[in-house]
Amino acid sequence: MVQHQPSETLKEEQHHAGPELQRTGRLFGGLMHDIKRKAPFFLSDFKDALSLQCLASVLFLYCACMSPVITFGGLLGEKPHKTE
């Protein structure tokens, strides 16, 4: 077993004890604190999501993910009719 120096243990405790990880004593207290802390940035996040580059990348990924589904769905849709 490795013995830690008191200063190392204190550093580890401080490292893992950020304000977002502290217990508040209330139900969902940490979640509410996090929402209040991030609330000023929500509007800019939604504005950024509606930018042309973001919408183009979402459309590209949607089409890239749906093309194999459509292809294999069409192939499997024809398969049962050929066995009759």
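- Rounding to the nearest 0.5 Å gives a distance of 13.5 Å between CZ of R37 and CE of M32.
- Scanning for side-chain contact (heavy atoms from CB on, under 4.5 Å) contacts around F72 gives P68, L75, with sequence neighbours left out.
- In this structure, CG on D45 lies 11.0 Å from CG on L50, to the nearest 0.5 angstrom.
- Here K38 pairs with D34 under the salt bridge (charged side-chain N to carboxylate O under 4.0 Å, His left out) rule; sequence neighbours left out.
- In the hydrophobic clustering (ILVMFWY side chains linked at under 4.5 Å, chained through shared members), I35 is joined by L27, F28, L31, F42.
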All N/O donor-acceptor pairs, side-chain side in residues 54-66, below 3.5 Å, sequence neighbours left out:
residue : atom : partner : partner atom : Å
S57     : OG   : Q53     : O            : 3.4
S57     : OG   : C54     : O            : 2.8

